[in-house]
Amino acid sequence: MTDAFAFPDGFLWGAATAAHQIEGSPLADGAGPSIWTRFAHTPGLTHNGDTGDVACDHYRRWKDDVRLMRELGLTAYRFSVSWSRVLPEGTGRVNPAGLDFYSRLVDALLEAGIEPLLTLYHWDLPAALDDRGGWLNRDCAGWFAEYATVMAKALDGRVRKWVTLNEPWVITDGGYLHGALAPGHRNKYEAPIASHNLMRAHGAAVQAYRAVGRHEIGLVVNIEPKYPASDAPEDQTATRRAHAYMNEQYLHPALLGHYPPELREIFGDAWPDWPAEDFALIRQPLDFLGINYYTRNVTRADGSWPLKAGAVKQPSATYTETGWEVFPQGLTDTLLWVRRTYGDIPLYVTENGAAFFDPPVAEGGRVRDPLRIDYLRRHLRAVHEAIRAGCDIRGYMVWSLLDNLEWSLGYSKRFGIVHVNYATQQRTVKDSGRWYANVVRSHGRAL
Ligand SMILES: OC[C@@H]1[C@@H](O)[C@H](O)[C@@H](O)c2nc(CNc3ccccc3)cn21
């Protein structure tokens with residue numbers, strides 16, 4: 001009998017985190033501030049005024065956390081580098097202590113038989129570069145390429161899977177259009193410029209990596225599939241607009257060399273005529289794509305700015321603490337759409353997970369999180385369905401290894417398969433962590 005859920009040989013079973021969300025010690029040992037150091041310390045911008053000053057104290061507890069990953073049996077770990085820990089001013093002077101932190105972390109991962117997946121940029125731009133215009137300054141492509149070169153020279157070979165950017169859509173939509181994320185701009189004219197420069201920087205970093213590195217590099221995007229609320233033409237076109245804005249805006253230039261036409265329709269006079277040579281820079285050959293999937297969106301036409309498209313709540317669905325519908329079929333649909341639209345590029349599910357209200361740690365050290373187990377089981381089965389349908393999916397990273405700092409939402413949302421007591425920094429593996437460890441051990445057959 002064939003195994004119901006046999007995953008490909010070499011499929012990587014991992015967990016994901018990001019520097020600002022877990023490390024703490026943002027200014028330790030010569031590190032420079034990032035835009036999130038400043039944003040979180042600006043009154044009123046984060047839940048409860050929560051900051052990343054301590055977070056999960058991973059900067060000091062990283063050895064214990066790698067031990068935890070090994071105990072869970074993970075075969076991969078996706079993490080990000082704090083750019084300003086390595087280059088305190090963003091360019092020029094390298095901080096040896098910052099580089100050394102990541103070098104020791106990578107060595108410990110390899111020693112534990114865990115494949116590192118390194119994300120160069122997970123939202124924490126050096127504040128010194130923001131002072132120079134940040135992603136609004138076309139020089140950012142050179143800054144990011146310089147940073148990629150420093151990291152590749154230091155770690156390539158031990159790190160064999162590199163990611164340039166995590167979710168350019170969130171960086172732009174959150175940081176430059178709606179202002180909910182650092183650097184907190186709300187400007188329809190800045191957002192396309194930041195977005196385009198992020199993709200130029202992605203291309204420049206891929207070129208810089210290939211001049212030094214000998215392994216794999218890719219891009220991570222968040223994809224939220226859009227389903228029309230009705231057959232009405234206005235809902236159909238609104239769904240098309242939302243899909244182009246969130247799901248095609250970055251993969252099209254990176255893989256096809258052009259933007260979807262809807263973006264000029266959405267942004268109007270705020271959408272520049274980009275220099276043709278930019279697309280040759282942006283469209284660099286990639287070794288893989290990382291897909292972050294959490295939920296879907298049932299879309300209808302509405303008066304909202306700037307998309308004129310909004311979400312329709314699904315009355316019979318389960319929703320997470322972040323208000324996201326649990327819809328595993330959307331992950332299968334997403335993976336098949338990527339393959340259909342961009343070809344058979346190798347894929348990793350680089351983030352998938354959910355925040356539910358977890359009970360406190362019970363006597364004997366248990367955290368019962370059945371809703372998270374159900375979410376993960378159903379989404380892993382959705383991954384397997386896409387594999388059976390022909391997608392070349394190389395791995396899955398659960399978001400997240402640890403409960404951590406959920407950006408502007410502070411510590412109010414818990415995504416971890418491991419509970420963190422922020423007062424004591426005590427880690428407690430949740431039921432979902434034990435369940436995931438068993439899935440990993442069985443290479444998926446326990447699903
Ligand atoms: O919100 C959970 C995680 C977050 O902690 C990660 O740092 C980030 O990579 C991440 N991306 C998404 C999906 N995209 C998204 C959509 C709207 C707002 C915020 C994130 C979820 N998450």
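Just follow the structure's listing: the first ligand is 1, and inside any ligand the first atom is 1. Here the structure is a predicted model, which means the values were calculated and not measured.
Trp169 CZ3, 3.9 Å is the protein heavy atom nearest to atom 17 (C) of ligand 1. Nearest non-hydrogen protein atom to atom 21 (C) of ligand 1 is Tyr294 CE1, 3.1 Å. Of all protein heavy atoms, the one closest to atom 9 (O) of ligand 1 is Glu351 OE2, 2.7 Å. Counting only heavy atoms of the protein, atom 19 (C) of ligand 1 lies nearest to Val170 CG1, 4.1 Å. Protein heavy atom closest to atom 7 (O) of ligand 1, with residue, atom name and distance, is Gln21 OE1, 2.7 Å. Scanning the protein heavy atoms around atom 5 (O) of ligand 1, the nearest turns out to be Glu406 OE1, 2.7 Å.
Annotation: side chain of Arg61 is in contact with side chain of Gln425 (closest heavy-atom distance under 4.5 Å). Between Asp124 and Thr37 the shortest side-chain heavy-atom distance does not fall below 4.5 Å.
Ligand 1 is never approached by Glu224 to a heavy-atom distance shorter than 4.0 Å. Assignment of Trp324 to the shell around ligand 1 is supported, since a heavy atom sits closer than 4.0 Å.
Looking at Asn166 against ligand 1, only its side chain comes within 4.0 Å, counting heavy atoms.
Here the side chain of Asp403 pairs a donor or acceptor atom with the backbone of Gly416 at under 3.5 angstrom.
Heavy-atom proximity to His122, at under 4.0 Å, picks out these atoms of ligand 1: 6 (C), 7 (O), 8 (C), 9 (O).
Annotation: cation-pi pair Arg296/Tyr227 present, NZ/CZ under 6.0 Å from the ring centroid and within 45° of its normal. Cation-pi geometry between Lys188 and Tyr176 is not met: the NZ or CZ atom fails to fall both under 6.0 Å from the ring centre and inside 45° of the normal. Arg378 forms no cation-pi arrangement with Phe327, by the criterion of a distance under 6.0 Å to the ring centre and an angle within 45° of the ring axis.
Heavy atoms of other residues, nucleotides or ligands lying less than 6.0 angstrom from NZ of Lys308 number 12 at most.
Annotation: Trp399 places an N or O atom under 3.5 Å from an N or O atom of ligand 1; distance criterion only.
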Audit row: Tyr121, Trp135, side chain to side chain donor-acceptor pair (under 3.5 Å) steps and yes/no:
CA-CA 12 Å; Tyr121 188 69; Trp135 296 115; 3.2 Å; yes

